[in-house]
Protein chains: 2
Amino acid sequence: MSNIKDIAKIAGVSVTTVSRVLNNERYVSDEKRNAVLRAIEITKYQRNLNAVNLSKGKTHLIGVVVPYSNHPYFGLLIEGISIEAIKKNYKLVLFQTDYQKERELEALEMLKHKQIDSLIICSRICSLEVVEAYLEYGPVILCEDTRNTRISSTFVDHYKSFTIALEYIYKKGHRKIGYCIGRSSGTNSLQRNLAYKDFLHKYNLPYHDEQIIKKCSYFEDGERIVNTLIESKNRPTALLVTSDQVAAGILTCCNEKGIVIPEDLAIISFDNQPIAKYMKLTTVEMPIKEMGQKLLHQALLNEQSQTEMSVKLIERQTV
Amino acid sequence: MSNIKDIAKIAGVSVTTVSRVLNNERYVSDEKRNAVLRAIEITKYQRNLNAVNLSKGKTHLIGVVVPYSNHPYFGLLIEGISIEAIKKNYKLVLFQTDYQKERELEALEMLKHKQIDSLIICSRICSLEVVEAYLEYGPVILCEDTRNTRISSTFVDHYKSFTIALEYIYKKGHRKIGYCIGRSSGTNSLQRNLAYKDFLHKYNLPYHDEQIIKKCSYFEDGERIVNTLIESKNRPTALLVTSDQVAAGILTCCNEKGIVIPEDLAIISFDNQPIAKYMKLTTVEMPIKEMGQKLLHQALLNEQSQTEMSVKLIERQTV
DNA sequence: CTGTTAGCGCGTTCAC
DNA sequence: GTGAACGCGCTAACAG
């Protein structure tokens, strides 16, 4: 494989000139530029990006941290990030953490070592302080409300969106409302819990811990949820479900057990992925793909910015 | 940030010695080794991996090409690859091609430019010849039967697995059997089609083109499939479905329309993802995650190897 | 065991 | 407009 020196020799110019045409700089005569272009053509020269990286201290690589890639929410988010990365000629380095802190730190360390230019953490396990400490090495973008920090982010206000769903359910006459959530400890989950409590308080409704069902992430969690519901002595008449997949799983199970939706149980989910339309789920739409795209844009910038994305209630047939 | 020279100076040794302890080589006296270690400690030295890469001509990065990341099959495959990558201290660069040839070529070109050490193509669009041409730049691993080429791969014999399903269905008394498939042009799909034709021929059954339903990849494709079936004048009594997700979608739609499974329509799917158990799908289990792990191992080796993975019929309640 | 030195391939002053 | 020369940080002969 030929290098910049070879090209210079063949074209009868200096390496500097070659570098200039490579980087599309002005101040190169058409004559020499063409000579270089021709040399590149005949040698099928390709520049060594490692060398470029070393020289420039940049990699054109962006890290993406997700807990699981085998999950529709993160799959779509990655898709959004990926679409923009392609446009901007950046590549993605995927980190699958399984919510293990060391894995997330590994990604952060790669930023520090200049192996990636920026890092997008789609779901975080390290503390905000830890993340913030890495900001000096490059952009770190989060997917949660970071408006009280120096960290950039794209997020939806889960307090708001949860409230929208709750109020809607309330207007439909429900007074015993529960919810299903994936990981219960993240910022987003805490926001939702707060919205829930505030809502109950506002309408003077009782809080029952058992009406919050945790570890609900996949379609197949539906059965456990329905069983929990059935055994519950304080069975809710409506359920907020933080993912369409899980809601679809619940629906399927209810169907099998003869629980009629929405008469016996109203369901409102979140995301509005294709499955939601298919299952006729009433859902709160989240612009996941767009969030991914926005995240990438932020990763490329070097300024702090926090972008809230808005949600939209889609009425279908499960409430 | 300090570099290897600084460490050498502080430790009072040469850069080579530093390099040696960095790379855990023998032939360094404990005395000097400790001095170096101490210097690293106090300066919090981190080596610049770009420089290592340039010098060694390696990146510790492995490219992974998928059409979509927002798809359970590829999600799980990526998960498998990722698990092993972490163990071996390799990182993944994700390429989402959307089945566009240029995107796949971009990944191949990155291999050529030494930006990645190897490339795993989970689903291919370029011709085998094109792929083979890149073999000189590094390992390229495929996810299909490549036993008549020089390309390494991990795959399941789809001819075999399709035949298993067909024979099983046949034994259950079905004579009008159709199938649903995603992309119809891949090697894997062609193998399945061949198995299908050979099966029909063996039992002297007629071939109806309309019994092959294409572009079936997602849960929500279920409705279109069921509608196609209903309108079909030669409606099959059994259906092979190349993904659990799609089968689950069909099931859901049938349920709604009062089509009883398996009496009105028998369904056998492939993969045995969690949703299959949940929906009580009879399915042909594919070791997707294990395939991912094996793929990564092959990507690290420099020898040609083709590994067939075996499948297993899981009897549940849809046949 | 240890150090000197020459690359790896490219970007970038800074004179001309 | 152009090019010589140095720097990026590290590895790998080679000599001792």
Side-chain angles (χ1 to χ4, degrees), chain A residues 1-37 39-40 43-61 89 109-117 137-138, chain B residues 1-40 43-61 109-117 137-138:
Chain A
M1 258 179 110
S2 47
N3 60 26
I4 199 171
K5 244 179 188 166
D6 300 332
I7 304 299
K9 200 172 293 173
I10 295 173
V13 301
S14 73
V15 291
T16 315
T17 302
V18 178
S19 176
R20 285 206 180 97
V21 350
L22 248 28
N23 293 292
N24 245 321
E25 285 173 31
R26 291 171 304 175
Y27 305 134
V28 180
S29 64
D30 284 354
E31 187 185 357
K32 300 213 170 187
R33 181 183 298 276
N34 287 331
V36 171
L37 259 22
I40 289 177
T43 57
K44 296 192 177 175
Y45 164 76
Q46 307 280 8
R47 73 175 145 180
N48 180 321
L49 295 168
N50 271 327
V52 178
N53 292 342
L54 173 59
S55 194
K56 286 202 161 173
K58 287 272 167 197
T59 64
H60 267 236
L61 251 31
N89 200 26
E109 284 291 308
M110 269 188 73
L111 181 68
K112 186 170 174 180
H113 299 180
K114 305 201 172 304
Q115 277 200 284
I116 52 179
D117 293 346
Y137 305 112
Chain B
M1 259 180 109
S2 47
N3 61 26
I4 198 172
K5 247 180 187 164
D6 300 332
I7 303 300
K9 200 172 293 172
I10 296 173
V13 300
S14 74
V15 290
T16 315
T17 303
V18 178
S19 176
R20 286 204 179 98
V21 348
L22 249 28
N23 293 293
N24 243 322
E25 285 174 31
R26 292 171 304 177
Y27 306 133
V28 180
S29 65
D30 286 353
E31 187 186 355
K32 300 212 170 189
R33 181 183 300 275
N34 287 330
V36 171
L37 258 21
R38 221 174 303 124
I40 291 176
T43 57
K44 297 193 177 174
Y45 165 76
Q46 307 279 11
R47 73 175 148 180
N48 180 321
L49 294 167
N50 272 326
V52 178
N53 292 342
L54 174 60
S55 192
K56 285 200 162 173
K58 288 272 166 195
T59 63
H60 267 237
L61 250 32
E109 285 291 308
M110 269 189 71
L111 181 67
K112 188 169 173 180
H113 299 182
K114 304 202 173 304
Q115 277 201 285
I116 52 179
D117 293 345
Y137 304 112

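Both backbone and side-chain heavy atoms feed into the values below; hydrogens, waters and symmetry mates do not. As the structure is a computational prediction, the values presented were derived from the model and not from experiment. Quick note on labels: first sequence line is chain A, next is B, and so on, each numbered from 1.
Atom P of nucleotide D:dT2 and atom CD1 of A:I7 are separated by 17 Å, given to the nearest angstrom. D:dC10 atom P lies 12 Å from atom CD of A:Q115, rounded to whole Å. Between the CZ atom of B:R33 and the P atom of C:dC1 there is a distance of 10 Å, rounded to whole Å. Regarding A:H113, its NE2 atom lies at a distance of 14 Å from the C1' atom of D:dG9, rounded to whole Å.
A distance-only check finds a donor-acceptor pair linking the side chain of B:N3 to the backbone of B:D6 [under 3.5 Å]. Formation of a donor-acceptor pair under 3.5 Å by the A:T17 side chain with backbone atoms of A:V13 is not found in this model.
Applying the side chain to side chain contact (heavy atoms under 4.5 Å, CB included) test to B:E25 and every residue at least two apart in sequence or in another chain returns B:R20, B:N23.
Between A:R47 and A:V52 the shortest side-chain heavy-atom distance falls below 4.5 Å.
Close to D:dG3, at under 4.0 Å from its OP1 or OP2, lies a side-chain N or O of A:K32. Close to C:dC1, at under 4.0 Å from its OP1 or OP2, lies no side-chain N or O of B:S29.
Between its opening and closing five pairs, the helix from C:dC1-D:dG16 to C:dC16-D:dG1 changes axis direction by 30°, a value rounded to 10 degrees.
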>> For B:Y45 and B:V36: C-alpha separation, side-chain torsions, deciding distance, then whether side-chain contact (heavy atoms from CB on, under 4.5 Å) applies.
In response: CA-CA 11 Å; B:Y45 165 76; B:V36 171; over 6 Å; no
> After noting the C-alpha distance and the side-chain angles of A:T59 and A:N53, does the key distance pass the side-chain hydrogen bond (donor to acceptor under 3.5 Å, both in side chains) rule?
Replying inline: CA-CA 5 Å; A:T59 64; A:N53 292 342; 5.7 Å; no
>> For a quick check, with a 4.0 angstrom heavy-atom cut-off, what is the B/S/- contact string for nucleotides 8-15 of chain C, read 5' to 3'?
In response: BBBSBB--
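Screening A:L22, A:T16, A:N48 for a side-chain contact (heavy atoms from CB on, under 4.5 Å) involving A:I4 leaves a single residue, A:L22.
Considering every non-hydrogen atom in both A:Q115 and A:L61, the closest pair reads O-CD2, 3.9 Å.
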